[in-house]
Asks: 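Below you will find the structure I want to go over with you.
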Amino acid sequence: MTIKEKFLHIVCHDVPYPPDYGGVYDLFYKIKSLFENDISIHLHCFEYGRGIQPELNKYCKSVNYYTRKNILRSSSFRLPYIVRSRSEIKLLNNLLKDDYPVLLEGIHCTYFLYRNQLKNRKVIVRLHNVEYEYYEGLAKTTKNIFKKIYFISESHLLKRYEKIISDKAIFLSVSETDKNTYIQKFNSKNIKYLPVFLPFNDVTSKPGNGTFCLYHGNLSVPENEMAVLWILKNIFQTITIPFVIAGKNPSKYLCNIATKNKNVCVVANPSQAEMDDLIRKAHVHILPSFNKTGIKIKLLNALFNGKFVVANNEAVDGAGVRELCEIANSQDENIKILSGLFSKSFSDNDISERKKILETGYNNDANVHKLMQLIW
């Protein structure tokens, strides 16, 4: 008896390779996990700077690239730009060539769902955030007045749009917090929590002591820069623990502020090997967030591969990892906890607690089977 081949369309808001920023980790490792479970994938992705990636052909039966429309070609006062800029008719025509189920990655890719042009199809929408809350957060963190106006407008449009489509498909959130928001604010009837797919399945943290505190992330993202500036102003002007800031494209402004403090250094654009080494060697990861939606990949990376983690409520809510972190929501709490942790060794017991929670909840193999059960 032959097993019937299973086909799936996946539509991505961006090219999901290389997995070098938080927004594509879940996409790429989900594709890889589905491939490893013999799913034949027809991948569709919008390319606007990351280029054609031959690596994706290893995991997909076909890979289709589409050009994202610019803001002038997709003007509308009713639809969010992140949605209307991905209303490519070639994509719809490709999806309608068969009746395979469709996985839409992000609200960004739901234009044809909104237009009811995927009728009689099994459609799954993977939420990356509660998008209107995410854009609301971007508006608060940016200093550029034109970007602020755009983010506020996009947030208002997204709030209306997310409510309209919330009953048109099965929705999968990346956090319990986002799931509850969709239920409470949009009255969503068919939403489930599915943890993000990650490059790491096993906890590799080592016991012992590190020598510095670390913040890592994409430093060109306004929210991340805001977090680092808050840490510098409120914590490391008071304590003398060595502090390393590592990540992509730090601004001159951030570097200038950091270098005024003799116990702070910035590692700009480290290689993956360098970043992994910093994560392993840090004694404490300090990772506050000013945006409560979505999931913080850098937090999970630190928990899987580093030692102590200090975070605030916004960073941990809905991720199922609160008990693995030290929670600090104020300047005083951060100073007290950081000072205490530097006289404490990271233990085998700490590692065992992480293994119990992380290797169960964030298990790619278990989670891909949950996804497959929802689709077929």
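Residue numbers run from 1 in the order of the sequence given. Note that this is a predicted model, so its numbers are computed, not measured. Hydrogens, waters and symmetry mates play no part in the numbers below; they use all other heavy atoms, side chains included.
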Asks: Verify the distance criterion only: is there a donor paired with an acceptor across the side chains of Asp350 and Ser347 at less than 3.5 Å?
Replies: yes

Asks: Any ion pair linking Arg121 and Asp98 (charged N to carboxylate O, less than 4.0 Å)?
Replies: yes

Asks: Could you go through the ring-ring contact (aromatic ring centres under 6.0 Å, His included) check for Tyr29 and Phe197 one step at a time?
Replies: CA-CA 5 Å; Tyr29 291 103; Phe197 288 77; 9.1 Å; no

Asks: Which of parallel (below 30°), tilted (30 to 60°) and perpendicular (above 60°) describes Tyr114 and Tyr161?
Replies: tilted

Asks: Should we count NZ of Lys192 as having more than 12 external heavy atoms under 6.0 Å?
Replies: no

Asks: Before accepting this row, confirm whether a basic side-chain N of the pair Lys296/Glu223 lies closer than 4.0 Å to the acidic partner's carboxylate O.
Replies: no

Asks: When you measure from the side chain of Glu333 to the backbone of Asn329, do you find a donor-acceptor pair of N or O atoms at a distance under 3.5 Å?
Replies: yes

Asks: For Phe46 and His13, what are the C-alpha separation, side-chain angles and deciding distance, and is it a ring-ring contact (aromatic ring centres under 6.0 Å, His included)?
Replies: CA-CA 6 Å; Phe46 286 88; His13 73 299; 9.3 Å; no

Asks: Could you grab the distance from atom CD of Glu136 to atom NZ of Lys140, nearest 0.5 Å is fine?
Replies: 5.0 Å

Asks: Would you sort out whether Arg68 and His108 count as a side-chain contact (heavy atoms from CB on, under 4.5 Å), showing the intermediate values?
Replies: CA-CA 11 Å; Arg68 187 181 177 192; His108 318 59; over 6 Å; no

Asks: Is a donor on one side and an acceptor on the other found under 3.5 Å between the side chain of Thr181 and the backbone of Thr177?
Replies: yes

Asks: With a cut-off of 6.0 Å (strictly less than), are more than 12 heavy atoms of other residues, nucleotides or ligands near OH of Tyr253?
Replies: no

Asks: Verify side-chain hydrogen bond (donor to acceptor under 3.5 Å, both in side chains) between Tyr17 and Lys58, making sure each step is shown before the conclusion.
Replies: CA-CA 12 Å; Tyr17 192 87; Lys58 295 180 182 179; over 6 Å; no

Asks: Should we count OH of Tyr134 as having more than 12 external heavy atoms under 6.0 Å?
Replies: no

Asks: Please name the pair of heavy atoms, one in Ser173 and one in Ser175, separated by the smallest distance, quoted to 0.1 Å.
Replies: OG-O, 2.8 Å

Asks: To the closest 0.5 Å, what do you measure between CG (Leu371) and OG (Ser33)?
Replies: 9.5 Å

Asks: When you look at NZ of Lys159, are more than 12 heavy atoms from neighbouring residues, nucleotides or ligands closer to it than 6.0 Å?
Replies: no

Asks: Yes or no on side-chain contact (heavy atoms from CB on, under 4.5 Å) for Lys233 and Trp230, after CA distance, side-chain angles and deciding distance?
Replies: CA-CA 5 Å; Lys233 178 182 177 182; Trp230 185 91; over 6 Å; no

Asks: Do you know the tightest heavy-atom contact between Ala246 and Leu214?
Replies: CB-CD1, 4.1 Å

Asks: Would you say the side chains of Asn363 and Glu359 form a donor-acceptor pair under 3.5 Å?
Replies: no

Asks: Is it true that Asp332 and Lys336 have a side-chain N and a carboxylate O under 4.0 angstrom from each other?
Replies: no

Asks: So do the side chains of Phe236 and Cys213 get within less than 4.5 Å of each other, counting heavy atoms only?
Replies: yes

Asks: State, to 0.1 Å, how close Asp167 and Ile164 come at their nearest heavy-atom pair, and which atoms those are.
Replies: OD1-O, 3.4 Å

Asks: From Tyr362 OH over to Arg354 CZ, what is the distance, rounded to the nearest 0.5 angstrom?
Replies: 13.5 Å

Asks: Say you draw a straight line from CD of Glu162 to CZ of Phe186; how long is it, rounded to the nearest 0.5 Å?
Replies: 4.5 Å

Asks: Under 4.5 Å between any side-chain heavy atoms of Ile191 and Leu127, yes or no?
Replies: yes

Asks: Considering all heavy atoms of both residues, which atom of Leu374 and which atom of Ile124 are nearest to each other, and what is their separation?
Replies: O-CD1, 4.4 Å

Asks: Closest approach of Arg280 and Lys307, non-hydrogen atoms and distance?
Replies: O-NZ, 3.2 Å

Asks: Are Asn364 and Lys32 close enough, and set up right, to give a side-chain hydrogen bond (donor to acceptor under 3.5 Å, both in side chains), and what steps lead you there?
Replies: CA-CA 10 Å; Asn364 288 353; Lys32 189 170 182 286; over 6 Å; no

Asks: So if I apply the side chain to side chain donor-acceptor pair (under 3.5 Å) rule between Arg86 and each of Tyr48, Tyr111, Tyr66, which one comes out positive?
Replies: Tyr48

Asks: Would you name the heavy atoms of Leu27 and Pro16 that are closest together and state the gap between them?
Replies: CB-CB, 3.8 Å

Asks: Can you tell if the side chain of Gln53 reaches within under 4.5 Å of the side chain of Phe28, non-hydrogen atoms only?
Replies: no

Asks: How far apart are the C-alpha atoms of Lys356 and Glu323, what are their side-chain angles, what is the distance that settles it, and do they pass the salt bridge (charged side-chain N to carboxylate O under 4.0 Å, His left out) test?
Replies: CA-CA 12 Å; Lys356 279 191 285 187; Glu323 62 199 274; over 6 Å; no

Asks: Calculate, to the nearest 0.5 Å, the distance between atoms CD1 and CD1 belonging to Ile165 and Ile107 respectively.
Replies: 3.5 Å

Asks: Taking side chain as C-beta onward, heavy atoms only, is Asp20 less than 4.5 Å from Gln272?
Replies: no

Asks: Go through the side-chain N and O atoms of Asn218 and Ser220 and say whether any donor and acceptor fall under 3.5 Å apart.
Replies: yes

Asks: Got a second to check how far Leu95's CG is from Leu92's CG, nearest 0.5 Å?
Replies: 6.5 Å

Asks: Below 30° counts as parallel, above 60° as perpendicular, anything between as tilted: where do the rings of Phe7 and His42 land?
Replies: parallel

Asks: Under 3.5 Å, is there a donor-acceptor pair between the Asn301 and His285 side chains?
Replies: no

Asks: Return yes when atom NZ of Lys122 has more than 12 non-hydrogen atoms of other residues, nucleotides or ligands closer than 6.0 Å, and no otherwise.
Replies: yes

Asks: Are the side chains of Arg126 and Val174 in touch, meaning some heavy atoms are under 4.5 Å apart?
Replies: yes

Asks: Within the distance-only criterion (no hydrogens, no angle test), does the side chain of Thr141 pair as donor or acceptor with the backbone N or O of Leu138 below 3.5 angstrom?
Replies: yes

Asks: Hey, is Glu225 close enough to Lys143 for a salt bridge, meaning N to O under 4.0 Å?
Replies: no

Asks: Any heavy-atom pair between the side chains of His44 and Glu88 that's under 4.5 Å?
Replies: no

Asks: Does any non-hydrogen side-chain atom of Lys292 lie less than 4.5 Å from one of Asp317?
Replies: no

